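Here the structure is a predicted model, which is why all the values come from computation and not from measurement.
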Amino acid sequence: MAEGHTITIEQGTQHVRVVHGGQVLAESDRPLVLHETGCPVRYYLPPEDVRLDLLTPSDTHTFCPFKGTASYWSRPDAADLVWAYPDPKPDVAGIKDHLCFYEVDVS
C-alpha cells in the first residue's frame with residue numbers, strides 16, 4: 001500500500017440487495033465489506049449470491065494499484081454494472097471472485 005492509503009476487509013452481517021430495472025440481481029447476508037482510503041464503502045458478494053445468468057461478461061478491464069485488475073459484467077441497459085478481481089493483490093486476497101456493484105441496498 002502507498003503511505004497513507006489503507007484497505008480493510010471485514011466479514012459483514014448486513015443484508016445486501018441489488019435491484020436493477022426492477023429485477024433482483026443479487027441478495028446476500030454474507031458480504032465482505034471493503035473500506036478504502038478516499039472511496040465509498042463497497043460490498044463484495046459471493047458469486048453464489050449473484051444472478052450471473054442475468055449478467056454478460058464485458059471486455060472492460062481496469063487496473064487498481066492496490067487491488068489488481070478488475071473484470072466487469074453488464075446488463076443490456078447498463079454497461080459495466082458489476083466487477084470482480086479474479087486475481088487480486090495479496091493484501092486483498094479475500095475479495096477474490098466476489099462481485100461488487102456500484103449501487104446496493106443495505107439493511
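Atom CG of D59 has 12 or fewer neighbouring heavy atoms from other residues, nucleotides or ligands inside a 6.0 Å radius. For E103, the CD atom sits in a loose shell: 12 or fewer heavy atoms of surrounding residues, nucleotides or ligands are nearer than 6.0 Å.
For the atom pair NE2 of H20 and CZ of R51, the computed distance is 14.0 Å after rounding to the nearest 0.5 Å. Separating the NE2 atom in H98 from the CD1 atom in I9 is a distance of 9.5 Å, to the nearest 0.5 Å. One distance of note links CG of L55 with CG of D80; it measures 11.5 Å at 0.5 Å rounding. Here NE2 of H35 is found 12.5 Å from CZ of R42. Values are rounded to the nearest 0.5 Å.
The pair D49-R30 meets the salt-bridge criterion, since a charged nitrogen lies less than 4.0 angstrom from a carboxylate oxygen.
Side-chain contact check for E27 versus H15: some heavy-atom pair is nearer than 4.5 Å. Two residues are said to be in side-chain contact when any heavy atoms from C-beta on lie closer than 4.5 Å; D97 and Y85 fail this criterion. V24 places none of its side-chain heavy atoms less than 4.5 Å from the side chain of V18. Looking at L45 and V16, their side chains come closer than 4.5 Å, going by heavy atoms from C-beta outward. Counting only heavy atoms from C-beta outward, the side chains of K67 and I7 approach each other to under 4.5 Å. Contact of the L52 side chain with the L99 side chain is registered, since non-hydrogen atoms from C-beta on lie closer than 4.5 Å. Using a 4.5 Å cut-off on side-chain heavy atoms (C-beta onward), Y43 and Q14 make contact. Counting heavy atoms from C-beta outward, V19 and L25 have side chains that stay 4.5 Å or more apart.
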Verdict with supporting geometry, C100 and Y44, side-chain contact (heavy atoms from CB on, under 4.5 Å): CA-CA 5 Å; C100 188; Y44 282 78; 3.6 Å; yes

W83 and Y102: CA distance, side-chain angles, deciding distance, ring pair (Phe, Tyr, Trp, His ring centres under 6.0 Å) verdict: CA-CA 9 Å; W83 68 94; Y102 286 105; 4.5 Å; yes

Verdict with reasoning, S74 to T56, per side-chain hydrogen bond (donor to acceptor under 3.5 Å, both in side chains): CA-CA 5 Å; S74 299; T56 303; over 6 Å; no

Stepwise ring pair (Phe, Tyr, Trp, His ring centres under 6.0 Å) test for Y72 and H61: CA-CA 7 Å; Y72 288 78; H61 298 280; 7.7 Å; no

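Side chains of Q23 and R75: a donor-acceptor N/O pair is present below 3.5 angstrom, by distance only.
Side-chain heavy atoms closer than 4.5 Å link hydrophobic residues (I, L, V, M, F, W, Y) into clusters, and following such links, possibly through other members, connects F66 to I95. Hydrophobic clustering places V82 together with V106 (ILVMFWY residues linked when any side-chain heavy atoms are closer than 4.5 Å, directly or through intermediates).
Taking both residues in full, the closest heavy atoms of S28 and P31 are given as OG-N, 3.9 Å, listed atom of the first, atom of the second, then distance. The shortest heavy-atom contact between T69 and P86 is O-CD, 3.7 Å.
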